[in-house]
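Encoded as structure tokens, the structure appears first; notes follow it.
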Amino acid sequence: MTTSTKPIHGAQTRRTARNWLGPIVVLLLLAFPFILSLLSGQPVDTGTPKFWQGMLIQVFILAVFAMSYDLLMGYTGILSFGHAMFFGAGAYATGILLKHSGWGLAAVLLAVVGVAIVQSVLIGVVSLRVRGVYLAMATLAFAQMFFILAQATDLRAITGAEDGLHGIPVPDWLNPTDQRLTFYFVALLFMVIMYLIARRVVDSPPGRVMVAIRENEARAQMIGYNTFGYKLMAVTLSGVMAALAGFMNALWNLNATPDVLSVETTINALLMTIIGGVGTLIGPMLGAGVYQLLGYWLNATFGPRWPLIIGVIYILLVLFVPYGIVGTWQLRRNDMRAGWARLIRPLRTGLEADTPGATKK
Amino acid sequence: MPETSPATIIETRNVTKHFGGLRAVDGVSLHVAAGAMHSIIGPNGAGKTTLFNLISGYLKPTSGQVLLRGRNITGVPLHRMAHMGIGRSFQITNVFPELTVMENVRLAAQALGKDNYAFWRAADSLRRYTQAAERALLEVGLDAKADVTAGVLPHGDKRRLELAIILAGDPEVLLLDEPTAGMASEQVPSLVAMIARIRTAGNKTIILVEHNMSIVMNISDRISVMHQGRLLAEGNPQEIAANESVQKAYLGEFHDEHS
Ligand SMILES: Nc1ncnc2c1ncn2[C@@H]1O[C@H](COP(=O)(O)OP(=O)(O)O)[C@@H](O)[C@H]1O
Ligand SMILES: [Mg+2]
């Protein structure tokens, strides 16, 4: 368990060689509905193509949620057991405002960001006073507070209590049922933008400080960083990103129910991050895909027992792929590189020695 | 009570640190002259590292004060120390193990700049921090290993990295806690020469804790001897070498000690 939360050597240093991979994946995802339409012979907005668009939309939303968790756990070394509160608050704020305020979608989006900033700063200021397991417990307590609050019968008129909010009105152009393809592209664009922002942040000066805090917080302080401020920044960025995923989730499901605030929701973020590879950003996105697709398949095959099966799979993954998909791949790749280097170096030095005058120019 | 002379850069007034019943540092009043190489010696457990922890803000004294250029800095948050010109290395290597050597040092340079919260900028684009880090790495002779992950460096290189991290912060006062600890003996002279060079070239004050008596006698302007949390004696190397109580109390014991 502890090994899997430890990012591998140089996980965020060498990426330049694969810069073409991202655009190709995005192009494939853009083409995906049409490819499926061709393969299945069904129109792009019906049947199989439509179904699988829905599947991927959920992956995109979960991917952003998992990525936001990775900013905290993977990059800053903050273990939170309450991440659902940001996702859930984003979903609820979206539902409540769309249902009761009459605001447009853009205004609601801004409000969700505002709510998330206030929420994460307040919770960060309180819970970042402690570290490690105590911090995890503090965040869990806060999250449970929201979970209970959402089900409070006194607030039924606003939150729908234990039933949650249903029939959230979404603009016609973005209706997830009638305009599935549009929603698909919006969700894809959303994920890509969130990834680019997250990538920018982790490669920025404060992003490096976040990693330094994960590595050795006392040393980061000694060289001059007020680590509390950076941790608060990480919590806030992560909280806003999770809330935006919750916003998309509410638009997609047209509802917001208490389970978006539950511990299971947090655990899903944790699982997706660990399955994919902690501290890699791409890993949690892949983890979201694995989690969603595997969950679908297991559900279809084993029925309601599927969470048990995924639990077993998770344990096996932690035992045999402790660095997650991306982390393990990076390690293997380094091993392969080292192997090639061992093979090639003697050959090359041998050649240079044999060729007179080939020393340098 | 004597005035702090302008030449004093670091002063402790009666600093004391208790750990439960143990007085690890017990009423130490120390004056360190600006630009000096001031060594602190004493057997294991004498309280040297604890004194460093008090001066560098790692620990708050149970009582007493720490002054920097006459200004009371007792209780100042740890992260302010680097900004006030105090750099500190650790007896037990204390780096960012999963980051590269370059990144370890670059972070120390960046800490003193103004871009620390600029989350929209690429860290690599901030050339001046990279350049400062390159200079520091060159100074300690680690420039060829800039891309190596710090955690896998050989021990001697980790000790150099400790130094480079401090140098990148360009402090006025360097607190070096046994910088040669655990190093292979043939590597020690070059590190000691490096420390001497850093001090003269950069006009810095160095407070050094060092076990090796011949190094201490050669390099120091002034030596303070600690014993059981207290200052036993202070003087220049000749005075310390000639000091009977120091000799009797423990210089002999020192030479026998191998830890
Ligand atoms: N954090 C601590 N908690 C309890 N005791 C400590 C702590 N740090 C140091 N000590 C004790 O204080 C005494 C002085 O230790 P230290 O300052 O490390 O000595 P030195 O660096 O001179 O070898 C030792 O007896 C040590 O065990
Ligand atoms: Mg010590």
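It should be emphasised that the depicted structure is a prediction, and the values quoted were computed from it without experimental measurement. Just so you know, these numbers use all the heavy atoms, side chains as well, and skip hydrogens, waters and symmetry mates. Here is the naming used below: chain letters follow the sequence lines, and residue numbers restart at 1 for every chain.
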**Request:** Check whether any side-chain N or O of A:Tyr225 sits under 3.5 Å from a backbone N or O of B:Leu107 as a donor-acceptor pair, and report yes or no.
**Result:**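 It does hold such a pair.
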**Prompt:** Between the side chain of B:Asn116 and the main-chain N/O of A:Pro206, is any donor-acceptor distance below 3.5 Å?
**Reply:**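 Flag not set: sc B:Asn116 to bb A:Pro206 has no pair under 3.5 Å.
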Do [X] and [Y] touch side chain to side chain, with heavy atoms closer than 4.5 Å?
| X | Y | result |
| --- | --- | --- |
| A:Thr227 | B:His79 | no |
| B:Arg106 | A:Arg208 | yes |
| B:Phe119 | A:Arg200 | no |
| A:Ile223 | B:Phe96 | yes |
| A:Glu215 | B:Glu103 | no |
| B:Gln110 | A:Val209 | yes |

**Heavy-atom closest pair, residues B:Ala118 and A:Ser204** =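 That closest heavy-atom pairing would be O-CB, 3.6 Å.
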**Message:** If you compare all heavy atoms of B:Ile86 against all heavy atoms of A:Met222, which two are closest, and at what distance to 0.1 Å?
**Reply:**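 So the minimum-distance heavy-atom pair works out to O-CE, 4.5 Å.
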**Message:** Tell me whether the count of non-hydrogen atoms from other residues, nucleotides or ligands lying under 6.0 Å of OH in B:Tyr117 goes above 12.
**Reply:**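 For B:Tyr117, atom OH is crowded (more than 12 foreign heavy atoms under 6.0 Å).
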**Message:** Counting only heavy atoms not in A:Ile24 (residues, nucleotides, ligands), do more than 12 fall under 6.0 Å from its CD1?
**Reply:**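 Count over threshold, so yes.
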**Prompt:** With respect to chain A, which residue among B:His83, B:Met84, B:Arg80, B:Met81 yields the maximal number of heavy-atom pairs within a distance under 4.5 Å?
**Reply:**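 Of the options given, most contacts go to B:His83.
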**Request:** For chain A, find which of B:Ala168, B:Gly169, B:Ala108, B:Ala109 contributes the most heavy-atom pairs closer than 4.5 angstrom.
**Result:**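 Max contact count across the listed options: B:Ala108.
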**Between A:Ala212, A:Gly207, A:Ala220, the one whose heavy-atom pairs under 4.5 Å with chain B are most numerous** =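 Going by pairs under 4.5 Å, I would pick A:Ala212.
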**Request:** Please look at B:Arg88 and chain A and tell me whether the side chain, the backbone, both or neither of the residue comes under 4.5 angstrom of a heavy atom of that chain.
**Result:**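 Contact with chain A: backbone and side chain both.
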